Each structure stands twice: as C-alpha cells, then as structure tokens.
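What's counted below: heavy atoms across the whole structure, side chains too, no hydrogens, waters or symmetry copies. In what follows, chains are A, B, ... by sequence order, proteins preceding strands, each numbered from 1. Predicted model only: the values in this text are computed from it and were never measured.
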2 protein chains.
Amino acid sequence: MDSINIKKLAEALNLSTSTISRAFRDNSDINASTKELILSKAKELNYQPNHYASNLREQKSKTIAVIVPELANNYFSQAIHGIERVARENGYHILIYVTDDDYSKEVNFIRHLHNGRADGIIMSVSGEANDHNYLNKFGARQLPLVFFDRIYEDIETPRVVTNDYNSSFLATEHLIEQGSKRIAYLVVNKSLSIGKTRMQGYIDALEKYKLPFDENLIVDCSNSYEENSVIIKSALTELKPDGVFTSVERLAFATYYACYDLNISIPRDLKIISFSSLEIAPLLNPSLTTITQPATEIGTEAAKMLFDILSSDGDKKRPKELVLQSKIIMRNSTSNSPQKP
Amino acid sequence: MDSINIKKLAEALNLSTSTISRAFRDNSDINASTKELILSKAKELNYQPNHYASNLREQKSKTIAVIVPELANNYFSQAIHGIERVARENGYHILIYVTDDDYSKEVNFIRHLHNGRADGIIMSVSGEANDHNYLNKFGARQLPLVFFDRIYEDIETPRVVTNDYNSSFLATEHLIEQGSKRIAYLVVNKSLSIGKTRMQGYIDALEKYKLPFDENLIVDCSNSYEENSVIIKSALTELKPDGVFTSVERLAFATYYACYDLNISIPRDLKIISFSSLEIAPLLNPSLTTITQPATEIGTEAAKMLFDILSSDGDKKRPKELVLQSKIIMRNSTSNSPQKP
DNA sequence: TTGTAAGCGTTATCAA
DNA sequence: TTGATAACGCTTACAA
C-alpha cells in the first residue's frame, strides 16, 4: 500500500509526527507558519488523518446511526434530511439502517452498533409486541439513544414525538363534523405505542359524539401492498364505512386505489383523512386531508437532543420529551362541497 | 471507561487475546469447543470486536458512502433502499451524504472520504458546469467510485444509468402524437449530462416530426420551490405551450400547481409527462403520465458493481456501464379522452 | 515550539 | 491448538 500517512508526511517535511498531528488539531500549540506549511503540503499530497486511527485513539467516532422502519415514506426521508443537516453542522456523519419493520433486524443493528461504530443512535422503532428490554442490556457500553415518532414507552430515553392523541381526536372529530357516522380506523401495528395512542384519540372522539365503537372498524393492515389491497377492499365492501382515518399515508393511498376499483366516490361516499407528510397531498384526486407532522423539524430536534447528550459527557442523561405539534390541513377528501382546484 | 474489550474477555476466560480474536474470525484454526465457550461468554458480556481497531488493523472499513443530491425525491430514497439491502447482505454499512445540489459540498464529502472512512463510493452527482477533475486527483488512495443516474461523462468510472435519450425521445413523441405542437421542456440543470441527454431526445423528436425548435421553450428552473413557481407560471402564460415535458418529478408537481392557479386544464389545454418514480402517480389529479426509472434496481445494481470492484482487489478496474430501461406509463395527464379512474 | 514514546483494540506472524 | 508480540496510524503526556 503506497498511500500517504502521517509518517510519510512527517518525513517529507522533516518534522515529527506529533507536529503534523498538531497541525490538524485546534487546541495544540504550534507555530503558525509550521502549521501552514504542513497543511499546504498535506493538501498537495492529499493527506487526511486516518479516521479509524484517530477514532481508536480518541475513543469516539464522530458518527451517529439512524435507524428507521422504512425509507420509501416521505416522513422518514424528511426526518433523515433534518438529522443529516444537524449532524453535518456538528461535524458528524450519519449511518443509515432500514429495518423494513423487522424487529430482529432492529435488534441486530443495535447490538452491532455497540462496537464503537457510532457515538449515538437516533431511532424510530419497528415495534411489534416484542420484548424490547434488549435496549437496556448494554451496561457500561450503553450508547446514547434518542427516539423519534415511533417509540417504546417502557424504555426511558429522550424522545421527540408529536401530539398524536390530540391530532387523532381532532381528525376523527373532523370526520364526524363532516357527517361521517361509521368511521374505520386503519392501522399497521395496533400494539405499537404510536398505533395505540392514535387509536385512543379516535376512540375518545367517537365517545364524545356518542357514536358506537365497533371493534371491526379497527382494521389491522400489513406491510405488504397486495395484502392491504385485499384487506381494505373487503373492509370497504363488508363494513361499509362512510369515513376512514388512516394512521400512515400508504394506507390512505391503498384506500384511494381501492375506492377507484370499487367505484366508491371520495368524498361523497367515503371521507378520508390520514397522517401524512406528503408534499403533494393537494395534487391527489381528490386532494387529501392530512394530519401533517413537522417531519424535518422532528429530525432536527432529535439530532439536537442527541448532541446535547453527547456534549454533556453523559452527565445529565435525564430522559427528556419534546412534543411537536402536527397540523390538520383540510382538503377535498373530507369535504362536503369539494372545490375544483 | 469500564467497557468490555478483548483483553478483559481474555482475562475472564484465562485465554490469550489471540485466541479470542480467532473465535471471531472464520479462517483461523481454533478448537470448536473453545470457540463456543468464547462466543457464549462474549454474548454474556456483550462483547463485540471494536470496529475501529479492526479496521485500523485490516485497512478496510466495511462501509460504503452514498452521495445523493437530495433525499426528498422518491427516486433517491428508492435507490438508497436498494443499495442498503445489497450492502447489508455483504456485511457492509452505508453512510449517507446529501449535497442539496451544492457542488462544493460534494467536493468536500469526496475529499473527506479519502481518510479511510469508506471503502467505496456510490454517487449521483450534483453537477453544475464545474470542474470535476478533482475526482481524479487522489492518486494512490483513489477510492472505487460508482456513478448512478446523474454522472460526469468525462470521469471514467463504472456507472449505472437508464436509457434517458431514448425515453426522452419517446416521451416527446408521445406528446406529439397526443396532439401537442408547442412542447416546453423543463429542466433543472441544462449543463449536467443527464439534462443534456434528456434534452437531446426532446430535440430530436421535434425534428423527426418537423416541429420547430424554439430555444425559449427550454425552461431552466432552479432548486427553489418559490422561484420555480414564478418561472413556470410566466413560462405558461407567455409561451403558451400545449405540452410540457419535465426532467424531474418536482417540476411536474410545480407545473400542476401552476395550472391549478392559472386555471389551465390538464390535459385539455396542456399535456404533461415527467420523469418520476412516484408510486402514487395514478392518484394525482389528473393521473400523471410518467417515465418511470427502475430506481430500486438501479441502486441494487450500482451496489453490486461496487462490490465487484471491491472483491476484485482493484484488479480489473475497467469502467463498466450498465444501462437499465425506463418505462413510459401513459395516464390521463397526456390523454385526449381522460378516463375517470 | 517541537520531539519522543506509549498506547488506543485489534489481528497476523511466528514460536511453542 | 494456543500464546506472545509487533504492527496498523494516530494523539497526547512529558521531555527537551
């Protein structure tokens, strides 16, 4: 291997390796002109301090890991974008891991990350009703962890969430005000905290308006597009809801497709509202009423929270919770007098 | 730091560090029962070989870097998803870098990555008419690089692209066949190879049908949503095109919004076709005719190509080019007799 | 202000 | 089959 390293650079300049090293660090004492000389020569030879050697020596990686259930979801790509920006501003890099909503992958990622590869983790969990106590089992090597959006409630760690209960309540209320009486709630994972919280808002809103709660109207969907198509179509034909509230955007899309196929008119026969960060919700046919989460901001705040912990030397590691507000944006999919755009 | 390392594990088991190390590597000779003993104790103590120490020793990082212009684009999130899967199958991790179409960030990322942090790079370039010779300037430390989709033609490196010229030609032809006579071409970066290739298909199709080429109908857009809104509205009102071909999906969305505002009816007054990997193109109002690139597959293939290079020990580093086929999917935005869904 | 040298946690070589 | 040891490239006391 004929690549450049600190020794060769030192030889080329007739200096010691420590002096070279100092030129690349901000704190150390070094003659300004020597530093300049070194940096220019370094640039010429394309020298960069080896990341792994530095990290081994310093015992930190300047890297954070981001674990998300999926990538093909506007919410997560926006959140990652926010995280990436904050990370870069702090001189950190980000590793991305996608669990595809598979719990075992999540466990593996987390376990693996405890080998020093990352200084901290930002995660939206993949859930299922599994044992997530594994997160507590890393003893002294415990990595700072920040949850965002999808969390495990029994794990005490800082988190950034949105006011899901309230949003769900308002969303359901909105459907009721628009005249819906049989409102189906479509969810991917009932047992996941986010599913439960959102569902409770739905249930309480029904109660407020004295609408009967029908267990069957809670439709548990899957992660497969094809399966969902079948599930939703049969729900629409058999249960005959006049309103649908979906907990993730892809279920709203699936419902649109199902309605197209079944010749159900939105919003006349069926009103739809969904959690979604889709920027082109106004362009759908009909435009989709959404509960829009501040996705980028959630990412930004989660990253800031992690950097807070990292810079406090593990001192005040008290769990913090930040709750951001989602917005309901009413559009034609829940309107009684839809406007042409 | 009281964290576990190979030495402590060795002490705990009354073995040498070399034996421990061997238990974690596949090649070395080691007694099966010793190995088992070590691995179980390791699990108990949550020991994992330190990634940075291994990498320093082995001179490789088992990490690849992915550089993309943006994340809030279905094409790139799908491509990354493909890359991530292949990487994981190969035991590699991925670092994500977003340039926001900023050339200087791209240069910085690449320069930085030459510190051993990654074993290879997969990149879709951010372009602009800049000097990209910097990519050749890393001498012995040159990292394997694979381009996908947006490339620099003058850099000789393996690449995965789609048949953009042909797709553009067919897209333009399709608009013409549907009756468009004044077709605007909306592009973000004329000078980028992908912009040029796609534009040439447009120009040649016009020629085939003896339609006049009007320079003004090439509309150079920006990366700002607000700016584009202004640019597109003035283009629509002043140039009065009856067809629009957009080179990236967000320009199609911007055109939809502009048409809504200006009361231009799609497809009656204006037909639209766009490059896009949007899975819900059929749900738009009207459903959007797209040239759909096999995004996930492009990512998968780019990753495979990189791993080919990595496993061949830099031997046969001859530039390869893989061309995948996009599909034109006709929908209502270019139809003369739009169907209700 | 600069140089010397030890050590970060691992793995490969060699010897036992 | 296992153990001792040097080396990977860097940073930081400490010495000069």
*asked:* Determine whether a donor-acceptor pair (one donor, one acceptor, N or O, separation below 3.5 Å) exists between the side chain of A:Arg57 and the base of C:dG9.
replied: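 A donor-acceptor contact between them is absent.
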
Presence of [X] side-chain N/O under 4.0 Å of [N] phosphate oxygens OP1/OP2:
{"X": "B:Ser16", "N": "D:dG3", "result": "yes"}
{"X": "B:Tyr47", "N": "C:dT10", "result": "yes"}
{"X": "B:Ser21", "N": "C:dT11", "result": "yes"}

Looking at the side chain of [X], which of [options] is the nearest nucleotide?
{"X": "B:Asn50", "options": "C:dG3, C:dT10, D:dT2", "value": "C:dT10"}
{"X": "A:Gln59", "options": "C:dG9, C:dT1, D:dC10", "value": "C:dG9"}
{"X": "A:Asp29", "options": "C:dG9, D:dT1, C:dT1", "value": "C:dT1"}
{"X": "B:Thr17", "options": "C:dG9, D:dC10, C:dT11", "value": "C:dT11"}
{"X": "B:Arg25", "options": "C:dA5, C:dA12, D:dG9", "value": "C:dA12"}

*Figure out the OH/C1' separation between A:Tyr52 and D:dT11, and round it to whole Å.*
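In whole Å, D:dT11 C1' lies 18 Å from A:Tyr52 OH.
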
*Which part of the nucleic acid does A:Ser18 contact within heavy-atom distance under 4.0 Å: base, sugar-phosphate only, or nothing?*
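Contact class for A:Ser18: base.
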
*Tell me what B:Leu15 touches on the nucleic acid: a base, only sugar-phosphate, or nothing, going by heavy atoms under 4.0 Å.*
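Sugar-phosphate: the residue B:Leu15, judged by heavy atoms under 4.0 Å, touches backbone atoms but no base.
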
_5' precedence on DNA chain D between B:Lys35 and B:Leu56 (nearest-nucleotide basis)_ =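 Going by which nucleotide is closer to the 5' end, it is B:Lys35.
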
_On DNA chain D, compare the nucleotides closest to B:Ala53 and A:Thr19; which residue's is nearer the 5' end?_
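Mapping each residue to its closest nucleotide by heavy atoms, the 5'-most match is B:Ala53.
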
*Mind checking what makes ring pair (Phe, Tyr, Trp, His ring centres under 6.0 Å) contact with A:Tyr75, not counting sequence neighbours?*
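Scan of A:Tyr75 (ring pair (Phe, Tyr, Trp, His ring centres under 6.0 Å), adjacent residues dropped) gives none.
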
_Assess, by modelled atom type and distance only, whether the side chains of A:Asp101 and A:Ser126 contain a donor and an acceptor separated by less than 3.5 Å._
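No - no donor-acceptor pair under 3.5 Å links their side chains.
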
*Using a strict 4.0 Å threshold on nitrogen-to-oxygen distance, state whether A:Arg88 and A:Glu84 make a salt bridge.*
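A:Glu84 and A:Arg88: salt-bridged.
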
*Parallel, tilted or perpendicular: ring planes of A:His93 versus B:His112, cut at 30 and 60 degrees*: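 Rings of A:His93 and B:His112: tilted, as their planes differ by 30° to 60°.
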
